[in-house]
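Below is one structure, written out as structure tokens; comments come after it.
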2 protein chains.
Amino acid sequence: MKLRIGRLAGETGCHVETIRFYERIGVLPPAARESNNYRVYSDSHRRRLLYIRRMRDLGFSLDEVRTLLRMIGGDAYTCAEVQALGQEHLDAVRNKIADLRRVENALDDLVGRCTGADTPDCSMLEALFEMPRE
Amino acid sequence: MKLRIGRLAGETGCHVETIRFYERIGVLPPAARESNNYRVYSDSHRRRLLYIRRMRDLGFSLDEVRTLLRMIGGDAYTCAEVQALGQEHLDAVRNKIADLRRVENALDDLVGRCTGADTPDCSMLEALFEMPRE
DNA sequence: ATAGACCCTGTAGTCACTAGAGGGTCAACA
DNA sequence: TGTTGACCCTCTAGTGACTACAGGGTCTAT
Ligand SMILES: [Zn+2]
Ligand SMILES: [Zn+2]
Ligand SMILES: [Zn+2]
Ligand SMILES: [Zn+2]
């Protein structure tokens, strides 16, 4: 029921420092304190932290997390707004994947030129020198 | 032949500040100076900068760039070493792509749950609250 | 009494830039 | 001649999302 920061970290799979960091920047509400000034957490904190971590796992920025938390907290949101936010982020992820695939192809091509020999002439390096930009 | 920082930036597609930054951290050798203290660049600087930018476009870190520049400069490298560096980076890129595709699938699933209605009940948010981690 | 596992605050470091303050230099134009 | 504007300079601080100390306090067990 009540747990200290180390146990909360263990149960949510994130570092103690990260929890304190989230409190400092305001995405987690301040924890209650024991008489020795140790933080104590309840189940609602644990749920909220898990929620934050799941959003972070999906690549949402802390700003986006804050936005969604505000929407939920105030109950002043619509499914359409949430969907728009999700779709926008999904588009960003897809763009990043496309970028990385272009990089992957270029790199694959470059590495493929290497003979792997123990000599100081490397066609990958030469190709890099002559490659056009962008 | 001789060009100032603004023109070098224009020709290489990078910002003036970035060039000064590269000089400060030592990936670009210090430029010569005019009597008014303005930096002057020659063709070898331009080639080196283009080379750096191409590596950065491929996602190599500045540390990796430094390593490769050192190898080339000293001529004390083998094709096999270069290939290993390239392959390692390619593997990292592929891992990142795989991560992002998992994220893409999860997000696609979540966004697909939304009805897009103007009401404050959203199955994406609910699913997020119940999702397992990792 | 002392070791070890916790906890606290506060600051600084990471990466690769980017932005800004506060100034100097130079050519052209009125 | 004065002034506008495009350049250039240095130095510092900010970005995101943590992470790593430094330098302490607290609590339990041996
Ligand atoms: Zn996003
Ligand atoms: Zn090679
Ligand atoms: Zn790499
Ligand atoms: Zn919805």
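Each chain gets a letter, A, B and so on, in the order the sequences are listed, and its residues count up from 1. These numbers come from a predicted model, not from an experiment.
Residue B:Arg48 holds its CZ atom at 8.0 Å from CD1 of B:Ile72, rounded to the nearest 0.5 Å. Rounded to the nearest 0.5 Å, atoms OH (A:Tyr77) and CG (B:Asp121) are 7.0 Å apart. Rounding to the nearest 0.5 Å gives a distance of 10.0 Å between CD1 of A:Ile19 and CD1 of A:Ile52. Note that CE of A:Met124 and OG1 of A:Thr115 are 12.5 Å apart. Values are rounded to the nearest 0.5 Å. The distance from the CD atom of B:Gln83 to the CD atom of B:Glu88 is 12.5 Å, given to the nearest 0.5 Å.
Across the protein-nucleic acid pair, B:Leu49 atom CG and C:dC17 atom P stand 11 Å apart, rounded to whole Å. When rounded to the nearest whole Å, the span between CZ of A:Phe60 and P of D:dG16 equals 17 Å. If you measure from atom CG of A:Asn37 to atom P of C:dC6, you get 19 Å, rounded to the nearest angstrom. Across the protein-nucleic acid pair, A:Arg7 atom CZ and C:dC7 atom P stand 11 Å apart, rounded to whole Å. Atom P of nucleotide C:dG20 and atom NE2 of B:His15 are separated by 13 Å, given to the nearest angstrom. A:Ile25 places its CD1 atom 8 Å from the P atom of D:dA17, with the value rounded to the nearest Å.
Distance from the side chain of B:Thr18 is smallest for C:dT18 among the nucleotides D:dC8, C:dT18, D:dC18. Taking only side-chain atoms of A:Arg33, from C-beta outward, the nucleotide of C:dC17, D:dT19, C:dT9 with the closest atom is C:dT9. In this structure, of C:dC8, D:dC18, D:dC8, it is D:dC8 that holds the atom nearest to the side chain of B:Val16.
Distances shorter than 4.0 Å separate none of the side-chain N or O atoms of A:Tyr22 from OP1 or OP2 on D:dA17. Distances shorter than 4.0 Å separate none of the side-chain N or O atoms of A:Arg39 from OP1 or OP2 on C:dC7. Listed pair A:Arg53 / D:dC18 meets the phosphate criterion, a side-chain N or O lying under 4.0 Å from OP1 or OP2. Within the 4.0 Å cut-off from OP1 or OP2 of D:dT10, not a single side-chain nitrogen or oxygen of B:Arg20 is found.
Heavy-atom contacts from other residues, nucleotides or ligands closer than 6.0 Å to CD of A:Glu11 number more than 12.
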Are there any protein N/O atoms within less than 3.5 Å of an N/O atom in nucleotides 12-15 of chain C, and if so, which ones and at what distance?
none

Can you give me the N/O atom pairs linking the protein to nucleotides 22-26 of chain D at distances under 3.5 Å, or say none if there are none?
residue: D:dG25; atom: N2; partner: A:Tyr38; partner atom: OH; Å: 2.7
residue: D:dT26; atom: O4'; partner: A:Tyr38; partner atom: OH; Å: 3.3

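Rounded to 10°, the helix from C:dA1-D:dT30 to C:dA30-D:dT1 has 30° between the axis fitted to its first five pairs and the one fitted to its last five.
With salt bridges taken as basic N to acidic carboxylate O contacts below 4.0 Å, none links A:Glu126 and A:Arg113. A salt bridge is defined here as a Lys NZ or Arg NE, NH1 or NH2 lying under 4.0 Å from an Asp or Glu carboxylate O, and A:Arg94 with B:Asp108 meets this definition. In summary, A:Glu23 and A:Arg39 engage in a salt bridge, as defined by a charged side-chain N under 4.0 Å from a carboxylate O. Ion pair A:Asp63/A:Arg66 flagged as a salt bridge, since at least one NZ, NE, NH1 or NH2 atom sits closer than 4.0 Å to an Asp/Glu carboxylate oxygen.
Applying salt bridge (charged side-chain N to carboxylate O under 4.0 Å, His left out) to A:Asp99 and the options A:Lys96, A:Arg101, A:Arg102 leaves one that passes, A:Arg102.
A side-chain N or O of A:Tyr22 and one of A:Arg53 form a donor-acceptor pair less than 3.5 Å apart.
Within the 4.0 angstrom heavy-atom criterion, only backbone atoms of the sugar-phosphate kind lie near B:Ile5; the bases stay farther away. Residue contacts for A:Arg56: at a heavy-atom cut-off of 4.0 Å it reaches the sugar-phosphate backbone alone, with no base atom in range.
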